[in-house]
Amino acid sequence: MELKLYNTLTRTKEAFAPIDPSRVRMYVCGPTVYDFAHIGNARPVIVFDVLFRLLRQIYGADHVTYVRNITDVDDKINDRAARDFPDLPFNEAIRRVTESTAAQFHADVAAVGCVPPNVEPRATEHIGEMRQIIEMLVKGGFAYVAEDHVLFSPQAMDAANGPLPRYGALANRSLDEMIAGARVDVAPYKREATDFVLWKPSKEGEPGWASPCGIAVAGRPGWHIECSAMSWKHLGETFDIHGGGIDLVFPHHENEIAQSTCAFGHGVMANVFMHNGFLQVEGQKMSKSLGNFVTIHQLLENYPGDVLRLTMLKTHYRQPIDWRQSELSRSQAELKEWADIITDNALETIFENPDLQQVDNEFIAALADDLNTVKAITRLRTLAAESSFENLETAKKFVGCLSLLGFKNLTKPNYFSDAIASFIPPDKEEVFTKCYMLMRTYRNYCANNFMEDSKRISADILKHGIQVSLGYTGEILVSFPDYDIGAEKDKVEALISARIAARKAKNWAESDRIRDELVAMSIQIQDGTDPVTGELVTSWEVKR
RNA sequence: GGCCUCGUGGCGGAGUGGCUACGCAGAGGACUGCAAAUCCUUGUAUUCCGGUUCGAUUCCGGACGAGGCCUCCA
């Protein structure tokens, strides 16, 4: 199986050839933990999770190392700590912010089906490596100390002879352009406007560490250096794949390449750079000022994580994606159909323990073509249509593909149905309607494994006199104290029997009258014939 | 201003130098006493203007439009 990946360095799709197939190495820029992750943050996490799964499929689960960092030193974190915990010592406040935000991030991305990376390094645990690289850069003449800062000089990099890449090669821009386009506010200690910060002094009360290069005052790292340090520590001086959002191309990845190649004297930091496209919300750029800033957590109140995952993968990762409510509903409906195939054919065990040796080749080939998840999903639809009890081998392949794509809750079809099947006492209609959204949220919290939240919300619903729980297929079960559901069921069964009798007598008027009565009770009926006896049979369910 | 990406039917969204996937919605049909469910069939598109070519949606140039980066925002 040939894997082809689009490489931002060459702007072409290339055959992927790992440096060491027994140890394929990928680094992805992870979140800065200062706030709930938004849906845009979820895109690279999901995209590179799919790539991670595919690499493990191709090279073997033990032969892929995936590193995704957590940035826990940043001005935005400091600001948030000062705002949220003004009474705590500053470093304690920062710790609260980063720990709670990181825990939230982990819960959110687990809910959208992402497996944890092999290593999840934190910037604060790699200050030593950062200092080492900075020392190397100064020693090599690529960086200099000025007013307690250490600055990297792209000009020095380009002046050096040897294997180093040209600064700006990744982003495809020249230093001259950058100087011409440089914005105001060039710090006085910079020799050139394009120099960027490797290390800066900490102000009083800010987090700080012993500085490199003989700088006396405590300091903290610039943004880009952490990824050079952490990828070096965990993947080596050069590795295979470096990923992130397209906005990271410049300056973040460009500067990482500059730091790493100059420090280690190689021509490359990573052989392949991959970038996912941006996300818009309902046709507009997502921004706090427009009020359309959507966090993963908010979406997970309204949908099981699989719905977000499928919606994300229905657009190729390099294309811009427009995040729309309507598309989420479609994804949910499609997942319901897929989950029904699994339960109708009793494939739950296969779904949870698929034989990935037997997975569909056409499906893998689609993914191997630069992660063409859209084509892969098209293949899934074909497999779904061909899956049946008579064609169990295809059905098994189908569920194997679903597993490989990272769906997790497909053994419970009713996670993807918004119908609440329950008899409602007439005097409870109003409060039921009022609690409908809460009950869905409860279901979604359960599906997403947010157990604390689900307990909290079921307690809220109980205050309205409604007991909510989940059934075996993920359906929302509602019960009311002092209400005899058994009697209600008997009444329905009696009506169904009466209708069957009426139908046998071809008394259509009476038959239709009974159906109308059942509809008024929110009972949906479905006529059929018993395949063995040929008897008229009628199934029914509560539907609202 | 510089650099980059993109522009496909009612909607979403792929591939492809010649016949343009797939999903949703729509239409028609089958099955039903009627419903419901299910199944089958099906219409409609490649922003515009040039160029290359026997032939372009696909390659090249231009226009228009959308978006991104140049501001430690994925």
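All of these numbers come straight from a predicted model, not from anything done at the bench. Labels below follow one simple rule: chain letters A, B, ... track the order of the sequence lines, proteins then strands, and each chain is numbered from 1.
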Secondary structure of RNA chain B per the Watson-Crick/G-U criterion (both distances under 3.5 Å; [ ] crossing, | other strand, . unpaired) is (((((((..(((.....[...))).(((((.......)))))....(((((..]....))))))))))))....
Per-nucleotide protein contact along nucleotides 26-31 of chain B, 5' to 3', at a 4.0 Å heavy-atom cut-off (B base, S sugar-phosphate only, - neither), is ------
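At the heavy-atom level, A:Gln526 lies under 4.0 Å from base atoms of the strands shown. Counting non-hydrogen atoms under 4.0 angstrom, A:Gly40 reaches a base of the nucleic acid. Nucleic acid contact for A:Thr32: none, since no nucleic acid atom lies under 4.0 Å from a heavy atom of the residue. Looking at heavy-atom distances under 4.0 Å, A:Phe278 makes contact with a base. Nucleic acid contact for A:Ile525: base, since at least one base atom lies under 4.0 Å from a heavy atom of the residue.
Of the candidates B:A74, B:C69, B:G33, the closest approach to any side-chain atom of A:His38 belongs to B:A74. Residue A:Val374 has its side chain nearest to B:A14 when only B:C69, B:G33, B:A14 are considered. Which of B:A14, B:C72, B:G2 sits closest to the side chain of A:His316 comes down to B:A14.
Side chains of A:His275 and A:Thr8: a donor on one and an acceptor on the other come within 3.5 Å. Side chain to side chain, A:Ser228 and A:Ser260 meet the donor-acceptor criterion of an N or O pair below 3.5 Å.
Residues A:His149 and A:Trp199 place their aromatic rings such that the two centres sit no closer than 6.0 Å. Close placement of the A:His126 and A:His234 rings is indicated, their centers lying within 6.0 Å of each other.
Of the two residues near RNA chain B, A:Arg515 and A:Tyr6, the one whose nearest nucleotide lies more 5' is A:Tyr6. Sequence order on RNA chain B of the closest nucleotides to A:Leu248 and A:Gln319 puts A:Gln319 first from the 5' end.
In summary, of the residues considered (A:Asp74, A:Asp75, A:Asp72), a salt bridge (Lys or Arg N to Asp or Glu O under 4.0 Å) with A:Arg220 occurs for A:Asp75 alone.
In this pair, A:Trp338 and A:Phe407 present their aromatic rings perpendicular. The plane angle is above 60°, beyond the 30 to 60° band. In this pair, A:His224 and A:Phe196 present their aromatic rings perpendicular. The plane angle is above 60°, beyond the 30 to 60° band.
Looking at heavy atoms from C-beta onward, A:Cys227 lies in side-chain contact with A:Asn69 at the 4.5 angstrom threshold.
A:Pro201 approaches A:Asp148 most closely through the heavy-atom pair CD-O, 3.5 Å.
Separating the CD1 atom of A:Ile246 from the C1' atom of B:U5 is a distance of 6 Å, rounded to the nearest angstrom. For the pair A:Asp35 CG and B:C72 P, the interatomic distance rounds to 19 Å; values are reported in whole Å.
If you check distances only, the side chain of A:Asp512 does reach the base of B:G33 with a donor-acceptor pair under 3.5 Å. Taking 3.5 Å as the limit, the base of B:C11 and the side chain of A:Arg330 contain a donor-acceptor pair of atoms between them. In this model, a side-chain donor or acceptor of A:Asp527 finds a partner on the base of B:C34 within 3.5 Å. Looking at A:Thr378, its side chain has no donor and acceptor atom pair within 3.5 Å of the base of B:G23.
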